[in-house]
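Positions are given from 1 along the sequence.
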Amino acid sequence: VFLGLKKISVAKTFIEELDNEIKENTSIKEVIATVDLAEKAFNESSKVDELRELIIKEPNNMQLKQDLAVSLYGAGDYEGALDCLLKSITINPEWNEQAARKQLLEFFSAIGLTDPIVVSARRRLSSLLFK
């Protein structure tokens, strides 16, 4: 756990030292977004069990489902995180200005578009959006 936090810290320090002009590069922006997502997810990764219990009590709470997806991602359960977001989209695709879809796209980018888990989730998302 500490090692992951240390790597995120090193990456954030490196990014902070970059010139603003370099930070505007599209590829660098993607890296910054991935590091920010990793930090957020890492900080939430210990809450998986707690969030699952809360969802049992409040199964229609979309924010809890969103938080669980981030927590699962931070714990390294990418498939579980993607599945959680896809289920949220099934329940209420428009919730919070399509927050689940937007988070899903962030995860796709961070995991890699050619990863088999992402390919499968993209197919499922397409079938949900284009019924």
Membership question, hydrophobic clusters at under 4.5 Å side-chain separation (ILVMFWY): are Val35 and Leu18 in the same one?
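Yes, Leu18 connects to Val35 through the hydrophobic network.
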
Ile15 with Leu37, same ILVMFWY side-chain cluster at under 4.5 Å:
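No, because Ile15 and Leu37 fall into different hydrophobic clusters, even though each may have its own neighbours under 4.5 Å.
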
Given 3.5 Å as the limit, does a donor-acceptor pair link the side chain of [X] with the main chain of [Y], or not?
X: Ser45; Y: Phe42; value: yes
X: Lys12; Y: Asp36; value: no
X: Asn25; Y: Ser27; value: yes
X: Gln66; Y: Ala99; value: yes
X: Ser126; Y: Arg122; value: yes
X: Lys102; Y: Glu97; value: yes
X: Ser109; Y: Leu105; value: no

Could you verify whether a donor N or O on one side chain and an acceptor N or O on the other, from Gln63 and Asp67, lie under 3.5 Å apart?
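Yes, side-chain donor-acceptor contact under 3.5 Å.
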
Taking salt bridge (Lys or Arg N to Asp or Glu O under 4.0 Å) as the cut-off, I'd like each qualifying pair that reaches into residues 73-92, sequence neighbours left out, listed once.
Asp83-Lys87, Asp83-Arg124

Who are the side-chain hydrogen bond (donor to acceptor under 3.5 Å, both in side chains) partners of Glu44, not counting sequence neighbours?
Lys47

Check the angle between the aromatic planes of Tyr73 and Phe107 and answer parallel, tilted or perpendicular using the 30° and 60° thresholds.
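Judged by the thresholds at 30° and 60°, the geometry between Tyr73 and Phe107 is parallel.
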
